[in-house]
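Inspection log for the structure reproduced underneath, given as structure tokens.
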Amino acid sequence: LEEWARANNEPEVYKLLIECASSELTKVRIAAMATLGRLGHRKSQQSFIAAMREGRAEIRRAAALGIGLLARRGDEKLIGQLLRKEPDIDAKLAFVDGLARIGTPEIINYLQHHIQSPNLGLKKRAAKAIADVGGTRAIRLLRILRNDRDIELRFAVWKALLKTSPKEY
């Protein structure tokens, strides 16, 4: 179905996928949300946002993945708010990836708290997204992680610091 939608861009296929994204069958729903996200179907973003209010973590993960895949400039505040409220780590990672995909300096506002996360994966992705943005604010935040316990994170931080301001380091 995804290949067909990508090749033919037929509205009926998207309509069917949106209906499936609201299905009672969890597997169908998750697959439809992932497909709509990969297809870049912006009109389905509202259904993803609605799914974030559900109690089932697997549905929120799929919705977060879709939102992250659809992320573009102007979505920073929305994704940042969803990131702040979401308890599930996999959904948080999808939001961080979405913010990284946007890559504007504004994403730092929403990622700066996550570089102190006890979850190493979340900390690494947030730090990488901040490093990719660059600038003085990013450097200031990355300095906090120069002596982190995790060697991979430390290496990535030093690499980013050397890349952005080699004379200081």
Side-chain angles (χ1 to χ4, degrees), residues 1-133 138 141 150 152-153 156 160:
L1 198 56
E2 183 176 346
E3 290 174 21
W4 179 265
R6 194 177 305 283
N8 299 305
N9 202 24
E10 289 183 26
E12 290 300 314
V13 175
Y14 287 106
K15 185 178 174 184
L16 174 64
L17 284 168
I18 290 170
E19 285 177 28
C20 290
S22 300
S23 171
E24 292 294 319
L25 301 171
T26 303
K27 286 184 180 183
V28 170
R29 194 168 180 197
I30 290 170
M33 284 194 264
T35 301
L36 286 164
R38 283 191 303 270
L39 290 170
H41 190 255
R42 288 286 296 179
K43 292 178 184 175
S44 59
Q45 186 182 41
Q46 286 306 314
S47 64
F48 295 158
I49 293 168
M52 290 306 299
R53 292 190 280 283
E54 292 201 17
R56 294 184 295 171
E58 64 269 19
I59 297 297
R60 290 195 323 275
R61 277 184 217 122
L65 177 65
I67 292 168
L69 290 170
L70 295 175
R72 67 177 181 199
R73 190 176 289 252
D75 292 338
E76 297 91 343
K77 184 176 180 181
L78 167 71
I79 296 173
Q81 289 171 341
L82 291 168
L83 172 62
R84 186 175 44 83
K85 293 177 188 174
E86 179 56 44
D88 183 77
I89 199 68
D90 291 325
K92 283 182 177 288
L93 290 170
F95 288 137
V96 170
D97 290 345
L99 288 170
R101 194 172 282 108
I102 295 169
T104 62
E106 188 181 345
I107 71 168
I108 295 174
N109 297 333
Y110 306 106
L111 295 174
Q112 64 185 347
H113 306 291
H114 298 287
I115 63 168
Q116 299 285 337
S117 173
N119 182 285
L120 186 58
L122 182 59
K123 185 191 283 193
K124 282 181 179 180
R125 286 210 203 155
K128 180 172 180 348
I130 289 170
D132 289 346
V133 169
L141 288 168
D150 183 74
E152 288 178 28
L153 180 59

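When a residue number appears, it is its place in the shown sequence, counting from 1.
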Checklist entry - Does T104 have any side chain to side chain donor-acceptor pair (under 3.5 Å) partners at least two apart in sequence or in another chain, and if so, which? => result E76

Next on the checklist: Are the side chains of L83 and H114 in contact, using a 4.5 Å heavy-atom criterion?
Outcome noted: yes

Item to check | Results of salt bridge (Lys or Arg N to Asp or Glu O under 4.0 Å) for E86 - residues two or more places apart only | outcome: R60

Item to check | Pair L111-V133, side-chain contact (heavy atoms from CB on, under 4.5 Å): steps then yes or no | outcome: CA-CA 11 Å; L111 295 174; V133 169; over 6 Å; no

Checklist entry - Sequence neighbours excluded, which residues qualify as side chain to side chain donor-acceptor pair (under 3.5 Å) partners of Q112? => result R137

Checklist outcome for this item: Quick note, ring pair (Phe, Tyr, Trp, His ring centres under 6.0 Å) partners involving residues 75-111, not counting sequence neighbours, are none

Checklist entry - Do M33 and L65 have side-chain heavy atoms sitting under 4.5 Å apart? => result no

Checklist entry - Does some side-chain heavy atom of L70 sit less than 4.5 Å from a side-chain heavy atom of L36? => result no

Checklist entry - Can you tell me how far the CG atom of D88 sits from the CD atom of E58, to the nearest 0.5 Å? => result 9.5 Å

Item to check | Heavy-atom closest contact (A34 atom, L69 atom, distance) | outcome: O-CD1, 4.4 Å

Checklist outcome for this item: Hits for salt bridge (Lys or Arg N to Asp or Glu O under 4.0 Å) against R42, two or more places apart or cross-chain, chain-then-number order -> D75

Checklist entry - Which heavy atom of A71 sits nearest a heavy atom of G98, and at what distance? => result CB-O, 3.3 Å

Checklist entry - Less than 4.5 Å apart, any side-chain heavy atom of K128 and any of V96? => result no

Checklist entry - With I89, which residues qualify under side-chain contact (heavy atoms from CB on, under 4.5 Å), at least two apart? => result K92, N119, L122

Item to check | side-chain contact (heavy atoms from CB on, under 4.5 Å) partners for V13, two or more places apart | outcome: L1, W4, A5, E10, L17

Checklist outcome for this item: Applied to residues 15-70, the ring pair (Phe, Tyr, Trp, His ring centres under 6.0 Å) test, sequence neighbours excluded, yields Y14-H41

Next on the checklist: Taking salt bridge (charged side-chain N to carboxylate O under 4.0 Å, His left out) as the cut-off, I'd like each qualifying pair that reaches into residues 97-112, sequence neighbours left out, listed once.
Outcome noted: D97-R125

Checklist entry - Who are the side-chain contact (heavy atoms from CB on, under 4.5 Å) partners of A127, not counting sequence neighbours? => result I115, L142, L145, L153

Item to check | Under the salt bridge (Lys or Arg N to Asp or Glu O under 4.0 Å) test, residues paired with E54 that sit two or more places apart | outcome: R29, R56

Checklist entry - Looking only at heavy atoms, which two atoms of A32 and A21 are closest? And how far apart? => result CB-N, 3.5 Å

Item to check | Validation row: R38, T35 side chains within 4.5 angstrom (heavy atoms) | outcome: yes

Checklist entry - Is there a side-chain contact between I49 and L78 (heavy atoms, below 4.5 Å)? => result yes

Item to check | salt bridge (Lys or Arg N to Asp or Glu O under 4.0 Å) partners of E152, counting only residues at least two apart | outcome: K124

